[in-house]
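Below is one structure, written out as structure tokens; comments come after it.
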Amino acid sequence: MRRPTPRVPRGLPLRAVAPNAVTALALCSGLTGIRFAISGEWQLAVTMIMIAAVLDGLDGRIARMVRGESRFGAELDSLADAISFGVSPALIIYLWSLSVMPRVGWLCALVFAVFCALRLARFNAAIDTTEQPHKSAGFLTGIPAPAGAGLAMLPLYLWFWTELPIFRSAWLVGPWIAFVAMLMASSLATFSWSSLKLRSSIRFEAMAVIVLIGAAFVSAPWHMLTFICAAYLVSIPFSIRNYGRIKRLRGKPAGTAPSA
């Protein structure tokens, strides 16, 4: 008797359409930010990048909910991230500030966009690797692309609510985005917020904090984004310290009790 040949799935599963559509919307939002930057509508340009970050956080969760994960979706997500959080913020910041010194300013913008692409390429290369020390310990390697885009636009937030011309100075903005680019491409251990767990005793307090943050975003979005960027920068030394502690505990022989 001839054995039945297994059916080879062709094309993209229908359940994968929804998360990929959200990823495409995030890409459209990031590109629309460039359009608003060309017309000088800076607040709308930054808002489009923020919307792209929200959609980027939703597509993966939707894919897991409908079991629509696919290699195609992973590649599309990385491509969208490279454009929405690498190319678009670099062009927005260049048109807003760095264009006054075209050579050095364009170099800083290129460094940011290229380093973002390098980070995403490193992530794709390690996606099938079983041994990932940072990921297994609940940490990320470097800062993620959406966080990098948010940090790079910190001078814009400050300029929006202070209107001080120093925050638009190319001599300040250029080194800043180059520094953020190095954080993205670095091997520093940073917190993975999806792996953090809340204790049951503080869930009500956490909900109250989320409500307060949402209200602050509605009433003073640029102040709130400035505060979030500052808090994230402050958290990086703590994440490095916590990962070093976990690494030392893992390196101890079995049966050795950790010190108090």
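We number each residue from 1, following the sequence as shown. Predicted model, so just to flag it, every value in this text is computed and none were measured. All heavy atoms count here, side chains included; hydrogens, waters and symmetry mates do not.
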Mind listing the side-chain donor-acceptor pairs of residues 225-238 below 3.5 Å, one per line with the distance, residues two or more places apart or on another chain?
{"unit_1": "Thr226", "atom_1": "OG1", "unit_2": "Trp161", "atom_2": "NE1", "d": "3.2"}
{"unit_1": "Thr226", "atom_1": "OG1", "unit_2": "Trp222", "atom_2": "O", "d": "2.8"}
{"unit_1": "Ser235", "atom_1": "OG", "unit_2": "Tyr232", "atom_2": "O", "d": "2.7"}

Would you mind writing out the side-chain donor-acceptor pairs for residues 88-102 within the sub-3.5 Å range, not counting sequence neighbours?
{"unit_1": "Ser88", "atom_1": "OG", "unit_2": "Gly30", "atom_2": "O", "d": "2.8"}
{"unit_1": "Ser88", "atom_1": "OG", "unit_2": "Ile83", "atom_2": "O", "d": "3.1"}
{"unit_1": "Ser97", "atom_1": "OG", "unit_2": "Arg168", "atom_2": "O", "d": "2.7"}

When the side chains of residues 144-158 are checked against the rest of the protein, which donor-acceptor pairs come out under 3.5 Å, sequence neighbours left out?
{"unit_1": "Tyr157", "atom_1": "OH", "unit_2": "Gly150", "atom_2": "O", "d": "3.0"}

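For Leu164, the side chain to side chain contact (heavy atoms under 4.5 Å, CB included) partners two or more places apart in sequence, or in a different chain, are Thr162, Ile166, Phe167. Residues passing the side chain to side chain contact (heavy atoms under 4.5 Å, CB included) test with Leu107 are Val111, sequence neighbours excluded. Scanning for side chain to side chain donor-acceptor pair (under 3.5 Å) contacts around Asp81 gives an empty result, with sequence neighbours left out.
Taking CG of Leu55 as the reference point, atom SG of Cys28 lies at 10.0 Å (rounded to 0.5 Å). Here the CD1 atom belonging to Ile240 is positioned 4.5 Å from the CG atom belonging to Leu188, to the nearest 0.5 angstrom. We find the CE-CD1 distance between Met182 and Ile177 to be 11.0 Å, quoted to the nearest 0.5 Å. A distance of 8.0 Å separates CE of Met50 from OG1 of Thr47, quoted to the nearest 0.5 Å. Note that CE of Met184 and OG1 of Thr141 are 14.5 Å apart. Values are rounded to the nearest 0.5 Å. Here Ser29 contributes atom OG and Ile51 contributes atom CD1; the two are 5.0 Å apart, rounded to the nearest 0.5 Å.
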Test Leu27 against Thr23 for side chain to side chain contact (heavy atoms under 4.5 Å, CB included), laying out the working first. CA-CA 6 Å; Leu27 176 58; Thr23 304; 5.9 Å; no
Side chain to side chain contact (heavy atoms under 4.5 Å, CB included) for Asn242 and Phe191? Distances and angles first, verdict last. CA-CA 9 Å; Asn242 289 358; Phe191 286 122; 3.5 Å; yes
Verdict with supporting geometry, Phe36 and Trp42, side chain to side chain contact (heavy atoms under 4.5 Å, CB included): CA-CA 7 Å; Phe36 284 123; Trp42 306 115; over 6 Å; no
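Two different hydrophobic clusters hold Val104 and Leu110 under the rule that ILVMFWY side chains link at heavy-atom gaps under 4.5 Å. Under a hydrophobic clustering in which Ile, Leu, Val, Met, Phe, Trp and Tyr are joined whenever their side-chain heavy atoms come within less than 4.5 Å, directly or via other members, Val114 and Leu120 fall into different clusters.
For the residue pair Arg122 and Ser187, the shortest heavy atom distance occurs at NH1-OG, 3.9 Å. The nearest pair of heavy atoms linking Ala170 to Pro175 is O-CD, 3.9 Å. Across every non-hydrogen atom of Ser84 and Ala26, the tightest pair is OG-O, 3.2 Å. Annotation for Ala189 and Ser239: closest pair O-OG, 2.7 Å, computed over non-hydrogen atoms.
Under the 4.5 Å side-chain criterion, counting only non-hydrogen atoms from C-beta, Glu41 is in contact with Arg35. Residues Val46 and Gln43 have side chains not in contact (no heavy-atom distance under 4.5 Å, counting atoms from C-beta outward). For the pair Phe139/Thr190, no side-chain contact is recorded, criterion being any heavy-atom separation below 4.5 Å from C-beta on. Counting only heavy atoms from C-beta outward, the side chains of Ile143 and Arg119 never approach each other to under 4.5 Å.
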